Amino acid sequence: MSDKPAILTPPIDSETIHGLTAGDRVLITGSIYTARDAAHRRMIEIIEKGESLPVELDGAVLYYVGPTPASPGRATGSAGPTTSSRVDRYTPPLLARGLRVVIGKGDRSPEVMAALQEHGAVYLAAVGGAGALLAEKVSVAEVVAWPELGTEAIHRFEVAGFPAIVVMDSHGGNLYAIGRARYRRQA
Amino acid sequence: MREIDVSEVTTLVSRLYQEANFALPVDVTAALEAALSREESPIGREVIETLLKNATIAARERVPLCQDTGIAAVFAEVGQEACLTGGSFAAAVDAGIARARDEGYLRASVVSGPCFERANTGDNTPAMLHTEIVEGDGISITVLPKGAGSENMSRLAMLKPADGIEGLVDFVVETVELAGGNPCPPIFLGVGVGGTMDRVALMSKMALLRSAGEPNSDPGLARLESEILDAVNALGIGPGGFGGTVTCLGVALEESPCHIASLPVAVNIQCNSARRAFGSI
């Protein structure tokens, strides 16, 4: 675990991923995509039909967020992470397509953890409840697929210095388990 | 009798729902600040500092504290000497929520037909409205935007009286343990004990209306709250779930008489963005 944040600039290669350890801080600068439950369901349907996805997943960063509408003069409204486990069942097929980084909050299934290791990817957490602060890191937000889904549409976010923490690395490390074990005590 | 036009209700609810989403209550901010010195984990302290900065930005920029601007829990106390005119009270509350969503650029997070259609209602209505008739001729309203991250981790159990206090504490602790980092810790816990299945759930949510860290006025129940808080914080989940000594900032427990054969317990988890706003007419 390093004290200095790692800088991630998508598209991200496997070497960068393997250098990350649970507990590392990262700052992301560049283009990332957003997706929640509905967009995930559609992406999986497209993969199952053998059609092409609206975004290139190879080396990509996917952020689980449903922002509030932007008020005038702002790129986006509040934009913090949503609970990741709701998209657990959809995640392994996306990781198999080269998705390298997923960002959300909360625990993941054993299947997702295994897929992160198999495909060389990481799961990051952003601070849940910090949507106003995280929105300040977003300079551009544009809908790239399925505008009819509203907040659940796939957006491209242009971010600078977007802060997150490595929770599950590509070597099987899990900060949620490590952290909890370190601070657990007998009541 | 005092005549109150329901348009006043709409105006008040709209203001409160926006205020709750932009300004973290002062007692919640104070609880986060106080937790900084208790948190032993460096990452945990960073998370708390991030949340305090977030609250400053949200208030200054009028950007919602959290992108989940919630389903609106609305608690209304209506004086029995108030005469409401100009339309339906419940419709006026919903109109206030819809106006707040529009004016405040809040998120529409409510779907109708949860079994099949799951179609977004578009204006974040209906509110989850609870109305109580009280003495007097005024109306008091508290709006509590409730995010799903914490609501989804909440639980209810119909325990046996023989399970006792030990069973009750175990159930609350197990609920927090299962929730882990999902409900955006550091959390608050509203605990209802007694009543019936429906009543206990409402009590657990209404317990969240109490100021952060304010103990129950009954000394025995206050001790029980403190015991639950210690047990929950011993889990090590910590801020953000990254490990730490501050998992929970406060436990508020309310009890109510129940059937001789029952010991209902409900745990309503509230996230760190413990938003609520109060106003009256």
Side-chain angles (χ1 to χ4, degrees), chain A residues 1 3 22-25 34 36-38 65-74 76-86 104-108 125-136 148-152 163 165-167 175-187, chain B residues 21-22 40-41 43-44 46-47 50-51 53-69 101 104-109 120 122 147-149 152-153 173 179-185 227 230-245 247 271-273:
Chain A
M1 181 171 136
D3 283 345
D24 285 353
R25 277 79 155 172
T34 74
R36 288 174 52 107
D37 317 41
V65 57
T68 59
S71 55
R74 305 193 68 87
T76 179
S78 195
T82 192
T83 305
S84 308
S85 58
R86 293 198 314 271
K105 54 128 175 149
D107 233 334
R108 308 304 305 257
V127 174
L133 180 142
L134 292 167
E136 302 258 292
E148 67 277 12
L149 293 181
T151 189
E152 296 212 48
I165 295 172
V166 179
V167 171
L175 177 62
Y176 288 143
I178 298 164
R180 209 187 279 207
R182 185 176 297 151
Y183 291 96
R184 193 181 179 99
R185 57 190 163 78
Q186 288 299 318
Chain B
N21 269 298
F22 299 136
E40 292 170 19
S41 150
I43 299 183
E46 275 175 44
V47 169
T50 299
L51 295 170
K53 272 186 218 160
N54 184 71
T56 305
I57 293 168
R60 188 183 66 217
E61 306 287 331
R62 281 184 73 80
V63 170
L65 288 152
C66 176
Q67 73 291 338
D68 188 347
T69 51
R101 198 223 63 80
Y105 294 88
L106 306 182
R107 198 175 79 181
S109 307
N120 198 304
N152 285 350
M153 296 293 115
V173 173
N182 288 359
C184 295
E227 183 189 333
D230 287 346
V232 162
N233 281 331
L235 291 172
I237 294 167
F242 304 131
T245 46
T247 300
C271 60
N272 62 62
S273 200

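Being a predicted model, the structure only gives us computed values, none of them experimental. Hydrogens, waters and symmetry mates are skipped; everything else that's a heavy atom, side chains included, is used.
- Checked against salt bridge (Lys or Arg N to Asp or Glu O under 4.0 Å), A/D107 has no partners two or more places apart in sequence or in another chain.
- With sequence neighbours left out, B/E61 forms a salt bridge (Lys or Arg N to Asp or Glu O under 4.0 Å) with A/R74.
- In this structure, B/F242 CZ and A/L175 CG are separated by 6.5 Å, a value rounded to the nearest 0.5 Å.
- Most heavy-atom pairs under 4.5 Å with chain B, from the set A/G131, A/P67, A/A135: that is A/G131.
- For A/T76, no part lies under 4.5 angstrom from a heavy atom of chain B.
- Between chain B and the options A/S84, A/A126, A/P81, the largest number of non-hydrogen pairs under 4.5 Å is found for A/P81.
- Counting heavy-atom pairs closer than 4.5 Å to chain B, the top residue among A/A132, A/P163, A/G179 is A/A132.
- Residue A/I178: no heavy atom, backbone or side chain, is found under 4.5 Å from chain B.
- The backbone N or O of B/N233 sits nowhere less than 3.5 Å from a side-chain atom of B/T247 that would complete a donor-acceptor pair.
- The minimum heavy-atom distance between B/I43 and A/G23, with the atom names listed, is CD1-O, 4.2 Å.
- The candidate with the highest count of non-hydrogen atom pairs below 4.5 Å against chain A, out of B/D68, B/I237, B/N152, is B/I237.
- Note: B/C184 leads B/A179, B/G180, B/C184, B/S273 in heavy-atom pairs under 4.5 Å with chain A.
- Closest approach of A/V65 and A/R36 over heavy atoms only: O-CG, 3.5 Å.
- Contact annotation for B/N272: only side-chain heavy atoms (C-beta onward) come within less than 4.5 Å of a heavy atom of chain A.
- Looking only at atom types and distance, the side chain of A/K105 has a donor-acceptor partner in the side chain of A/T83 under 3.5 Å away.
- Of all the listed residues (B/L51, B/L235, B/V47, B/T50), the one sharing the greatest number of non-hydrogen pairs under 4.5 Å with chain A is B/L235.
- For B/L65, the part lying under 4.5 angstrom from a heavy atom of chain A is the backbone only.
- The main-chain N or O of A/G80 is found under 3.5 Å from a side-chain atom of B/Q67 such that the two form a donor-acceptor pair.
- No donor-acceptor pair under 3.5 Å is formed between the side chain of A/S78 and the backbone N or O of B/V63.
- Looking at B/N21, there are no atoms closer than 4.5 Å to chain A (heavy atoms on both sides), in backbone or side chain.
- Listed options B/G181, B/G149, B/G241, B/G240 were ranked by heavy-atom pairs under 4.5 angstrom with chain A; first place goes to B/G241.
- Interface remark: A/A70 contributes backbone atoms only to the contact with chain B (heavy atom separation under 4.5 Å).
- In this structure, the portions of A/A130 lying under 4.5 Å from any heavy atom of chain B include both its backbone and its side chain.
- Within the 3.5 Å criterion, the main-chain N or O of A/G106 finds a donor-acceptor partner in the side chain of A/Y176.
- For B/S41, the parts lying near chain A are the backbone and the side chain together; criterion is any non-hydrogen pair under 4.5 Å.
- Taking chain B as the reference chain and counting heavy-atom pairs below 4.5 Å, the highest number among A/P69, A/G128, A/G77 is found for A/P69.
- Both the backbone and the side chain of B/E40 come within contact range of chain A, each with at least one heavy atom under 4.5 Å from a heavy atom of that chain.
- The choice from B/G244, B/C66, B/C271 that makes the most heavy-atom pairs within less than 4.5 Å of chain A is B/G244.
- Atom NZ of B/K53 is separated from atom CG of A/L133 by 7.0 Å, given to the nearest 0.5 angstrom.
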